[in-house]
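Small disclaimer: the values here were computed from a predicted structure and weren't measured.
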Amino acid sequence: MSGFEQFHFDFYQSNYTIDDQEGCSSYGSNENLCGSRKGQTGEQSSGSAFAPSEMFPYSESYTGQILQPTHSPDTLSHLTYADGFDEEPPLLEELGINFEHIWQKTLTVLNPLKPADGTIMNETDLTGPVVFCLALGASLLMAGKVHFGYVYGMSAIGCLAMHALLNLMSTSGVSHGCVASVLGYCLLPMVILSSSAVFFSLQGTLGTLLALFVIGWCSLSASKIFTSALAMEGQQLLIAYPCALLYGLFALLTVF
């Protein structure tokens, strides 16, 4: 037991004595103790006052709100945009939609005897072809024929076949977008034929003659544009024949 008491005494041995506790219980001793603590804090504050400012880089108080950093006017002065809203291009120009070019291409298709401008048709504008394909499908739907899949399927296969054929016949070559644009714009007379099928039946002599006229109109306009765009003078009839086969398929959908 003596060993345990010795261990207990050594383990809890400290400099705190009962005299200090009794001294601190009095009011005067409390004032002395508080005075000594104030003196220590004063010495620490005076020591920190002579410390250089580089040792306390974050001494400035934060004046902003939570998750909202503060900014000074000097930092906001150089955060200006280079381009304003006035200098941005229009939305239709960014999308590649030019109504003037669409109107010029439409007039070129509607007048097959007018010389075509090859520079206009070199642009891969697919706005007009998509609209004409939708108009063809809608006019067939009004006549009681749901052929949207056939219209888009034959258009895709025809564009691929004409692209391969024109690359074999021409020296400069042509892109898929140009072929799709020309064939789509020349589909406009077929839209007129399908719109007439809403009012009267085309399954007769008059309907057959009208379908043959529209096929020749579409193939002549497409071959004229391809000839001027690819500089293939003297080969218009060779280009018009496969175009007539393609537009003949659309005429079969319209008549029957």
- request: Decide yes or no on side chain to side chain contact (heavy atoms under 4.5 Å, CB included) for Met162 and Phe226, but give the supporting numbers first.
  value: CA-CA 10 Å; Met162 286 299 300; Phe226 282 129; 4.2 Å; yes
- prompt: If we only count heavy atoms from C-beta on, is the Ser181 to Lys105 side-chain gap below 4.5 Å?
  reply: yes
task: Fit a plane to each ring of His163 and His176, take the angle between them on a 0 to 90° scale, and name the class: parallel (under 30°), tilted (30 to 60°) or perpendicular (over 60°).
output: parallel
With Cys218, the side-chain contact (heavy atoms from CB on, under 4.5 Å) member among Tyr247, Phe250, Tyr185: Tyr247
task: Please work out which of the three classes, parallel, tilted or perpendicular, describes the rings of His147 and Tyr150, given edges at 30° and 60°.
output: perpendicular
query: Closest heavy-atom contact between Ser139 and Val198?
result: O-CG2, 3.6 Å
- prompt: Roughly how far, to the nearest 0.5 Å, is the CG atom of Leu210 from the CH2 atom of Trp217?
  reply: 10.0 Å
- request: Tell me whether Val191 is reachable from Leu193 by hopping between hydrophobic residues (I, L, V, M, F, W, Y) whose side-chain heavy atoms are closer than 4.5 Å.
  value: yes
task: Look at the side-chain heavy atoms of Ile, Leu, Val, Met, Phe, Trp and Tyr, link any pair under 4.5 Å apart, and say whether Val174 and Leu238 land in one connected group.
output: yes
task: Return yes if some donor-acceptor pair links the side-chain N/O of Ser228 with the main-chain N/O of Lys224 below 3.5 Å, else return no.
output: yes
- prompt: Can you check whether Leu110 reaches Leu188 side chain to side chain, under 4.5 Å on heavy atoms?
  reply: yes
statement: CG (Leu202) and OG1 (Thr208) are apart, to the nearest 0.5 Å, by 8.5 Å
Chi angles and distances behind the side chain to side chain contact (heavy atoms under 4.5 Å, CB included) call for Met142, Ser194: CA-CA 9 Å; Met142 294 176 64; Ser194 62; over 6 Å; no
- prompt: Counting only heavy atoms not in Leu237, do more than 12 sit closer than 6.0 Å to its CG atom?
  reply: no
query: Side-chain heavy atoms under 4.5 angstrom apart, residues restricted to Ile, Leu, Val, Met, Phe, Trp, Tyr: same cluster for Leu249 and Phe132?
result: yes
Leu230 with Tyr241, same ILVMFWY side-chain cluster at under 4.5 Å: no
- prompt: What are the two closest heavy atoms between Ile215 and Met190, and how far apart are they?
  reply: CG1-CE, 4.4 Å
field: Linked, directly or transitively: Phe256 and Leu212 (ILVMFWY side chains, under 4.5 Å)
entry: no
- line: Rounded to the nearest 0.5 Å, the CD1 atom of Ile102 sits from the CG atom of Leu107 at a distance of 12.0 Å
Closest non-hydrogen atom pair between Val109 and Ser221, with its separation: O-OG, 3.1 Å
For the student: nearest non-hydrogen atoms of Thr227 and Ser223, plus distance: OG1-O, 2.6 Å
task: Return the minimal non-hydrogen interatomic distance between Ala244 and Ser219, and the atom names on each side.
output: N-CB, 3.7 Å
field: Straight-line distance of Cys243 SG to Ile225 CD1, nearest 0.5 Å
entry: 9.5 Å
task: Taking all heavy atoms of Gly177 and all of Leu126, pick out the closest pair and write down the distance.
output: O-CD2, 4.1 Å
task: Verify the neighbour count for atom CZ of Phe213: are there more than 12 heavy atoms of other residues, nucleotides or ligands below 6.0 Å?
output: no
message: Once rounded to the nearest 0.5 Å, what's the spacing between atom OG1 of Thr254 and atom CG of Leu140?
response: 5.0 Å
task: Assess whether atom CE of Met169 is packed by more than 12 heavy atoms of other residues, nucleotides or ligands within 6.0 Å.
output: yes
- prompt: To the nearest 0.5 Å, how far apart are CG in Leu183 and CG in Leu187?
  reply: 9.0 Å
